[in-house]
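Report on the following structure.
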Amino acid sequence: MDLQYDVYAGGFHALDATLALDLDKKAYDVGVDAKTQGFIGKIFPWKASYSTSGRSVKGVLVPETSTARSAWRGKMSLTEMDYDPAGRLIKTTTQEGQKTKVNRDIDKNLASNAVDILTGTLLMMQNAKNTQKCEGTFPVFDGKRRFNITLHDDGMDMIQKSKYSRFSGEAMRCTLKMEPVAGFKPQDMKRGWMAVQAHTEARQKDPTIWLARVEENGPVVPVRMEIASQYGTVVAHLSGTRSSTDGDALAMAKSEQ
């Protein structure tokens, strides 16, 4: 299943993102591609690609490899993480420009009992599907920092289909918070998601994500996200889907807007 998201900030089309899921009882592959668009893309030229492959052992997700690539104003960065058969992190490879660093001496306080961000996302979706609630805390290690992603259930909402959103139906409303645990430097608290979260806290409105099924027997996936920022409200809409059973539905959904 491929899910397409259009993100608007203060009414401007700011970013396009795709979530690709390939799931079965024994293995999983998940990928995210994102890139800023339009006027905002010219001011903040950023793109990123994330991917994870792993196994499912009696319903438990065990990552094997995880890769994160990003580019900001032409500056490239790469982080790769490799895991042993038990899902323990054994090596990280980071690249900034022409400089590459391989680390095999992983701090257990950072990596123990934590997964990569995409496996963590799948665990959140899996838990919501099994419990019909978005609750729980999910430990993540991104190669440098350890943090917890915590979801709190906020009831159900009915989302209406619009020219922006393909999804229509009932969805779980969840508030989301990232809690730093270890490995964060002072500058980390002023950029990325931590900066976004600070903006929402200043406005007394937690980041909110809505989860639902877009196929009757499919996984629970994000169908909407809303963040209060200093640039205005940021909203991510599910603008298209495509699966092995519906062929070109993504392209059709986009063309109908």
Side-chain angles (χ1 to χ4, degrees), residues 1-23 28-41 44-52 68-71 117-126 128-129 134 149 151 157-176 178 192-193 196-197 199-200 206-215 218-229 231-244 246-257:
M1 177 184 291
D2 290 341
L3 304 167
Q4 176 71 45
Y5 299 90
D6 292 346
V7 182
Y8 292 82
F12 293 97
H13 186 191
L15 185 142
D16 284 342
T18 301
L19 171 62
L21 302 171
D22 187 358
L23 314 173
Y28 66 95
D29 290 284
V30 57
V32 171
D33 291 301
K35 185 178 181 181
T36 52
Q37 298 292 329
F39 174 73
I40 292 177
F44 304 105
W46 174 85
K47 62 179 180 180
S49 178
Y50 308 90
S51 63
T52 293
R69 295 182 176 87
S70 64
I117 184 66
L118 293 184
T119 300
T121 300
L122 286 183
L123 288 171
M124 288 185 281
M125 292 158 49
Q126 184 184 68
K129 177 182 177 181
C134 41
I149 299 176
L151 295 181
D157 280 342
M158 182 63 68
I159 296 179
Q160 301 296 331
K161 188 174 181 179
S162 69
K163 66 177 183 179
Y164 300 107
S165 174
R166 180 181 187 271
F167 178 78
S168 176
E170 198 171 38
M172 290 176 273
R173 179 188 178 105
C174 327
T175 56
L176 179 152
M178 191 176 92
W193 181 261
V196 170
Q197 190 165 276
H199 296 162
T200 66
D206 292 331
T208 303
I209 187 169
W210 286 262
L211 302 175
R213 296 176 190 258
V214 296
E215 294 180 350
V220 168
V221 299
V223 295
R224 179 183 171 91
M225 187 170 185
E226 189 171 309
I227 298 168
S229 81
Y231 306 108
T233 302
V234 177
V235 183
H237 300 277
L238 177 63
S239 57
T241 67
R242 179 174 59 205
S243 72
S244 59
D246 65 10
D248 294 327
L250 173 61
M252 291 174 62
K254 296 289 287 184
S255 66
E256 290 173 357
Q257 295 180 10

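Quick note: residue numbers are just sequence positions, from 1.
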What residues form a side-chain hydrogen bond (donor to acceptor under 3.5 Å, both in side chains) with Y5, not counting sequence neighbours?
none
Please give me the minimum heavy-atom distance between [X] and [Y], naming the atom from each residue.
{"X": "M1", "Y": "P219", "answer": "CE-CD, 4.1 Å"}
{"X": "F12", "Y": "I40", "answer": "CB-CD1, 4.0 Å"}
{"X": "D29", "Y": "L23", "answer": "O-CD2, 4.4 Å"}
{"X": "G218", "Y": "R213", "answer": "O-NH1, 2.8 Å"}
{"X": "T241", "Y": "R166", "answer": "OG1-NH1, 2.8 Å"}
{"X": "H13", "Y": "V7", "answer": "CD2-O, 3.5 Å"}

Steps toward side chain to side chain contact (heavy atoms under 4.5 Å, CB included) verdict (I149, I117):
CA-CA 9 Å; I149 299 176; I117 184 66; 3.5 Å; yes
Flag if over 12 foreign heavy atoms under 6.0 Å of NZ, K129:
yes
Within-4.5 Å side-chain heavy-atom neighbours: F167 and V214:
yes
Beyond-backbone contact of P222 with M125, side-chain heavy atoms, under 4.5 angstrom:
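They are in side-chain contact.
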Just checking, is any N or O donor in the side chain of T18 or Q4 under 3.5 Å from an acceptor N or O on the other one?
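Judged by distance alone, the side chains do pair up.
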Name each donor-acceptor pair under 3.5 Å that joins a side chain in residues 30-38 to protein atoms two or more places apart or in another chain, with its distance.
residue, atom, partner, partner atom, Å
D33, OD1, S49, OG, 2.8
T36, OG1, F44, O, 2.8
T36, OG1, W46, N, 3.2
T36, OG1, W46, O, 3.3

Kindly indicate, with the supporting measurements, whether the criterion side chain to side chain contact (heavy atoms under 4.5 Å, CB included) is fulfilled by M124 and L211.
CA-CA 10 Å; M124 288 185 281; L211 302 175; 5.9 Å; no
With sequence neighbours excluded, residues passing side-chain contact (heavy atoms from CB on, under 4.5 Å) with E226
K205, W210, R224, T233, V235
Rounded distance (nearest 0.5 Å) linking atom [atom1] of [X] with atom [atom2] of [Y]:
{"X": "L151", "Y": "T175", "atom1": "CG", "atom2": "OG1", "result": "7.5 Å"}
{"X": "L3", "Y": "R242", "atom1": "CG", "atom2": "CZ", "result": "10.5 Å"}
{"X": "K161", "Y": "K163", "atom1": "NZ", "atom2": "NZ", "result": "15.0 Å"}

Kindly determine whether L21 and L122 satisfy side chain to side chain contact (heavy atoms under 4.5 Å, CB included), including the steps that lead there.
CA-CA 9 Å; L21 302 171; L122 286 183; 3.8 Å; yes
May I ask you to decide if the ring planes of H237 and Y8 are parallel, tilted or perpendicular, using 30° and 60° as cut-offs?
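Ring orientation of H237 relative to Y8: perpendicular.
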